[in-house]
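One structure is given below, encoded as structure tokens.
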Amino acid sequence: MNDAAVLLELDDVGKSYPKTTRGHHAVRAVWDALRARPAAQHFDALSGVSLRLARGASLGVIGENGAGKSTLLKIIAGVIQPTTGRVAVHGRIGALLELGSGFHPDYSGLANIDLSAALLGLSAREIRAKRDAIVEFADIGERIHEPIKHYSSGMVVRLGFAIVTAVRPDLLITDEVLAVGDESFQKKCVAWMEGYLADGGTLLLCSHSMYHVQKLCRYALWLKDGAVMRQGDAASVTQAYLAWHEEKAASTRAPIAASVASAAGVYAIQSLTLEPGDTLAQGARFCVRGDVFSPDGRAPTVLVGLVRADDTPVYGVSTEIDGVALRASSPGHYGFALEFPALGLLPGRYRVRAHALDPEGVRLFDNVELPFTVTGDSREFGLVRLPHRWV
Amino acid sequence: MATPRTEDGATAAAAAPTARVAARARNRALFASFYRRELVTRYLGSVTGLAWALLNPIVLLGVYAFVFTEVFPQRGVDAFLPFLAVGLWPWQASQEALQRATTTLGSYSALIRKVAFPHELTVYASTLATFTLHFAGYVAVLCILAAIGQPLHLSGLLLAVPLWCLLALAVTGLALITASLQVFIRDIEHVLPPLLMIAFYLTPILYPPSAVPAVVQPWLAANPFAWVVGRLRDALLHGNLALHAGDAVAVAIAVLLFVAGRWVFRRLSPRFEDYL
């Protein structure tokens with residue numbers, strides 16, 4: 001990649017925020033800032049992000065809420081200063097960060113066009129020349145003379161996007177703003193962006209829509225808890241992200257609280273733990289331990305199943321099948337523990353599924369899952385090592 | 001590996017001369033936009049608008065004139081009305097400029113949190129708009145007073161213009177400090193009015209410096225605002241346009257205040273976003 005082609009460089013960029021912003025901490029913060037010292041108490045919103053972006057190579061930033069996407073875009077846009085690292089942008093940036101960025105709520109739509117275009121770096125003459133085109137693209141009629149604070153969020157986005165279309169920045173940063181416009185305006189925006197990209201423009205898009213990321217971006221960056229989880233070609237990163245989400249949705253459902261279970265009259269798994277943990281060696285001892293709630297004082301049935309990560313069932317057994325009666329550890333709470341002295345699963349990723357059933361083992365009330373990994377370097381095939389010998 | 005924060009982050013990247021020229025042009029356009037808006041929305045846009053900006057000091061002038069000529073007559077002042085007007089307007093302008101600028105960053109928080117631009121432009125626009133309006137009122141009132149036969153030397157405006165500029169520079173310096181502190185410590189805007197009230201009575205605006213006991217006189221001389229009022233009265237009431245050595249000190253103080261204010265502001269502004 002030669003230097004002229006590089007539009008954006010980030011080198012080990014991090015941002016931390018103060019934990020508290022009031023009282024004597026604020027005075028302390030002023031003192032630290034005056035001495036150019038880093039802020040004292042903080043949490044890291046972003047850490048160690050490095051990336052290089054060439055002209056025309058659009059990037060989609062994806063991740064959960066709170067993963068640091070907006071912080072990253074704001075740092076690139078220059079709105080906030082990184083606490084660590086270096087940012088270099090070789091070109092004009094146009095940023096649509098959140099709703100109504102670059103707008104003053106008290107100004108009219110027209111006055112905001114002037115302000116916003118000036119913020120984007122247009123001269124007064126250029127602004128005048130482009131004002132009509134902006135008003136036309138925004139297409140919000142007479143409301144253009146009213147203060148922005150009376151606009152609907154969709155109208156604010158229309159105006160913001162219209163201004164960006166007139167400015168044609170080298171790097172366009174948008175933070176999930178497309179989601180707000182109505183269907184026809186979204187189409188208009190996507191059509192404009194495709195034209196912009198075809199003309200060599202570069203897009204930095206933050207979106208929860210994998211469809212938009214795949215359609216508009218060549219590369220993607222997946223942020224998780226403020227750090228880069230994965231970066232690379234858009235298709236593979238978005239697929240990894242979606243796969244991770246599906247796994248997470250299956251495994252992290254919070255247990256039903258005892259009070260809720262009691263009121264609803266259901267048997268519910270209260271806790272589930274794995275021994276030695278979520279990773280074990282092939283052939284090691286494995287124990288599934290848990291706690292199940294019974295609303296009526298009768299010992300519930302617990303069914304524990306092992307499935308491969310792709311949901312292929314491997315083995316399942318219940319207290320009712322084995323004729324085991326659970327004992328109450330405290331009123332309403334029954335502990336259970338299922339031990340596999342030497343787990344025969346072949347190396348790979350699996351899940352434990354624990355179900356709570358009524359004492360008769362007929363009706364299924366609750367299910368909780370936990371992922372685990374079996375490690376090893378076996379070259380055998382299938383799911384499980386069966387007892388065998390060559391004779 | 002933690003490298004120190006760069007002075008102005010993303011914009012520093014575009015450090016090529018052409019980029020710097022473009023950035024300066026952009027900042028000028030931005031400042032013009034903020035300044036125009038300050039004038040329009042703050043004064044001309046509201047119903048009472050411009051009238052209030054002029055009426056408020058005129059009403060104050062009337063009340064003070066009544067109280068200090070009819071109720072507590074002042075010793076040593078011949079024509080109280082022009083005497084008061086010459087000093088009251090710059091005070092009103094300074095006080096309002098400081099108070100408005102202190103909260104200006106809060107009113108621009110929507111911009112500051114989402115767009116990269118030099119935050120100090122909002123403070124400049126705010127104080128300059130206030131001073132512009134009050135100076136217009138000042139000239140208008142002095143002309144009216146002169147027209148109704150009050151003893152005034154309008155030639156003194158020649159000196160009043162640079163004095164007002166000096167005042168605006170110094171007050172902008174102070175405002176940069178209070179405005180940036182206000183972002184972190186919200187008490188600043190509540191502490192300012194009583195402090196300004198005290199300063200108002202400690203400055204010879206309603207009374208001549210000669211009315212103060214001799215022991216306090218040196219302290220009065222140390223008050224920069226008292227110096228401004230004194231010079232304005234010299235010029236406008238007595239037509240004395242001569243420059244003194246002390247004027248250089250005043251210029252130095254104003255420049256120093258502005259530079260100090262800007263230093264504080266630039267140290268604090270990268271962290272505004274965390275607190276706004």
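All values below were derived from every heavy atom in this structure, side-chain atoms included, with hydrogens, water molecules and symmetry-related copies excluded. Quantities reported herein were computed from a predicted structural model and do not represent experimental measurements. Protein chains get the first letters and strands the later ones, always in sequence-line order, with residue 1 at the start of each.
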Closest heavy-atom pair and its distance - [X], [Y]:
{"X": "Ala116(B)", "Y": "Ala77(A)", "result": "CB-O, 3.3 Å"}
{"X": "Arg267(B)", "Y": "Ala33(A)", "result": "CD-O, 3.4 Å"}
{"X": "Lys74(A)", "Y": "Glu273(B)", "result": "NZ-OE2, 3.1 Å"}
{"X": "Pro270(B)", "Y": "Gln81(A)", "result": "CB-CG, 3.5 Å"}

- [ ] Please collect all salt bridge (charged side-chain N to carboxylate O under 4.0 Å, His left out) contacts where either partner lies in residues 119-141 of chain B, sequence neighbours excluded, each pair once.
- [x]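 Qualifying pairs: Glu120(B)-Arg266(B).
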Task: Closest-packed option against chain A by number of heavy-atom pairs under 4.5 Å, given Phe272(B), Tyr108(B), Phe117(B) - done: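 Most heavy-atom pairs within the cutoff with chain A belong to Tyr108(B).
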TODO: Against chain A, label Leu181(B) side chain, backbone, both or neither, depending on which of its atoms sit under 4.5 Å from a heavy atom there.
DONE: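 It is the side chain, since no backbone atom gets that close.
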For residues 160-167 of chain B, tabulate all N or O donor-acceptor pairs below 3.5 Å that involve a side-chain atom, not counting sequence neighbours.
none

TODO: Please round to the nearest 0.5 Å and tell me the distance separating atom CG of Asp32(A) and atom CG of Leu268(B).
DONE: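 The CG atom of Leu268(B) is 11.0 Å from CG of Asp32(A), to the nearest 0.5 Å.
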TODO: Return yes when atom OH of Tyr35(B) has more than 12 non-hydrogen atoms of other residues, nucleotides or ligands closer than 6.0 Å, and no otherwise.
DONE: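 Count over threshold, so yes.
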Task: CH2/Trp263(B): more than 12 non-hydrogen atoms of other groups inside 6.0 Å - done: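 It does: Trp263(B) CH2 has more than 12 such atoms within range.
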- [ ] Using a 4.5 Å cut-off on heavy atoms from C-beta on, say whether the side chain of Leu30(B) contacts that of Leu115(A).
- [x]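 Yes, their side chains come closer than 4.5 Å.
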